[in-house]
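First up is the structure itself, then whatever we jot down about it.
These values consider heavy atoms only, across backbone and side chains, with no hydrogens, waters or symmetry-generated copies.
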Amino acid sequence: MTARPLARALSPLPEESLPGLLLRLAYRMDCSPARVARLCGLIHRHNRLPGEYLFSLPAERVGPFDTAARLNVEEANALTLSSFAAVYPPLASVRMDGSRNTTAARKSWAASTSSRYCAACLSGDGSPVQTLYGGPWKLRWHLPVSYACVAHRTLLSQTCPSCGGTPNRPTNRERQGLITHRTTSGLHPAQCRRLVPDVHGAPAAPCAARLGPRPPGRAHVRG
């Protein structure tokens, strides 16, 4: 499929990660992150968004992604951990070409596909765009050495304050993709995506609790 510019676009925020931008785009376009990733040429089979794309994007994916998301090459690469390779030595041992050949153990030692978070950062800086679509999920939150937010002088959180689970860690069934339950639409980027079983026997649904103060906006969830 030839990539076309998305009907709506968002400029990347400072230090924003690839999954973070996809979550904001999905919320703005009122569709699922999987749909946005597919339109950007990042998903082709089984709705899987490879975890390897957090480290770097394969050369053949950069062009379609740039076209669809209306980015340039530098902006696209800045959404991946390749931008930290020169200053964070563990990443130097990981192939920065989007390859799946790098061992999982080496990658998990260098960085995690799931992310800690600062609730204040996710709530946004008060600007119109961040009030509507949230603040950035930051790349540095994927690094094991990152445990505090300097801007807000607080420790990073790892679990949802409502369900107590990890809000964005993919299940084994999802083969360690970058965004958990990526076919679910309607969730704000700062809402927990962890599935919570229903006590009455209904199918599990995303927790959907806010990971920070709730700004004005939508609150519906559509699977």
Side-chain angles (χ1 to χ4, degrees), residues 12-24 26 33-34 37 42-43 47-58 61 76-122 134-152 154-161 163-182 184 187 189-195 206-207 209 211-212:
L13 300 175
E15 297 189 50
E16 186 167 31
S17 67
L18 174 63
L21 178 63
L22 293 176
L23 287 173
R24 291 197 305 123
L42 299 176
I43 283 180
N47 287 321
R48 182 175 183 267
L49 182 62
E52 293 82 10
Y53 290 2
L54 176 67
F55 292 84
S56 64
L57 288 172
R61 299 283 183 254
N77 288 330
L79 295 167
T80 71
L81 288 170
S82 61
S83 59
F84 282 84
V87 295
Y88 182 60
L91 290 175
S93 64
V94 177
R95 288 185 59 179
M96 289 295 175
D97 58 359
S99 171
R100 298 181 61 185
N101 294 328
T102 304
T103 65
R106 182 176 294 177
K107 284 185 174 180
S108 64
W109 176 71
S112 173
T113 53
S114 61
S115 171
R116 298 185 178 95
Y117 67 92
C118 167
C121 287
L122 292 183
W137 280 90
K138 295 184 177 181
L139 276 169
R140 66 176 65 238
W141 296 345
H142 290 272
L143 302 178
V145 296
S146 183
Y147 58 88
C149 175
V150 177
H152 296 104
T154 184
L155 294 175
L156 297 180
S157 300
Q158 186 166 331
T159 58
C160 169
C163 70
T166 305
N168 60 2
R169 175 175 293 169
T171 61
N172 289 335
R173 183 167 53 86
E174 293 184 294
R175 297 180 61 200
Q176 297 303 308
L178 271 185
I179 297 175
T180 187
H181 308 301
R182 47 197 164 272
T184 299
L187 285 174
Q191 284 181 281
C192 176
R193 305 184 71 86
R194 179 175 179 266
L195 283 185
C207 167
L211 302 177

Inset, instruction - State the CG-CD distance between L122 and Q191, to the nearest 0.5 angstrom. - result: 11.5 Å

Legend entry - Backbone of T159 reached by a side-chain donor or acceptor of Y117 within 3.5 Å: yes

Inset, instruction - May I have the step-by-step check of side chain to side chain contact (heavy atoms under 4.5 Å, CB included) for L22 and R182, ending in yes or no? - result: CA-CA 10 Å; L22 293 176; R182 47 197 164 272; over 6 Å; no

Inset, instruction - Could you check K138 against C121 for side chain to side chain contact (heavy atoms under 4.5 Å, CB included), going step by step and ending with a plain yes or no? - result: CA-CA 9 Å; K138 295 184 177 181; C121 287; 3.7 Å; yes

Inset, instruction - For the residue pair L211 and C192, establish whether any side-chain heavy-atom pair is separated by less than 4.5 Å. - result: yes

Legend entry - Nearest heavy-atom neighbours spanning P206 and L187: CB-CD1, 4.0 Å

Legend entry - Side-chain heavy atoms of P167 within contact of R194, under 4.5 Å: no

Inset, instruction - Return yes if some donor-acceptor pair links the side-chain N/O of R193 with the main-chain N/O of T180 below 3.5 Å, else return no. - result: yes

Legend entry - Test item: R140 side-chain N/O and S146 main-chain N/O as donor-acceptor pair under 3.5 Å: no

Legend entry - Student check: side-chain heavy atoms of S56 and N77 closer than 4.5 Å: no

Inset, instruction - Might you point out which heavy atoms bring L91 and A110 nearest each other, and give the distance in Å? - result: CD2-CB, 3.9 Å

Inset, instruction - Kindly say whether W137 contributes a backbone atom to a donor-acceptor pair with the side chain of S17 at under 3.5 angstrom? - result: yes

Legend entry - Interatomic spacing from CD1 in I179 to OG in S114 - rounded to 0.5 Å: 13.0 Å

Legend entry - For C118 against T154, the heavy-atom pair lying closest together: SG-CG2, 4.1 Å

Inset, instruction - Could you pull out the closest heavy-atom pair between L54 and H142, with the gap in Å? - result: CD2-ND1, 3.5 Å

Inset, instruction - Over all heavy atoms of both residues, which pair between Y53 and R61 is shortest? Give the atoms and the distance, please. - result: OH-NE, 3.1 Å

Legend entry - Test side-chain contact (heavy atoms from CB on, under 4.5 Å) applied to L139 and L79, L81, L18, the passing residue: L81

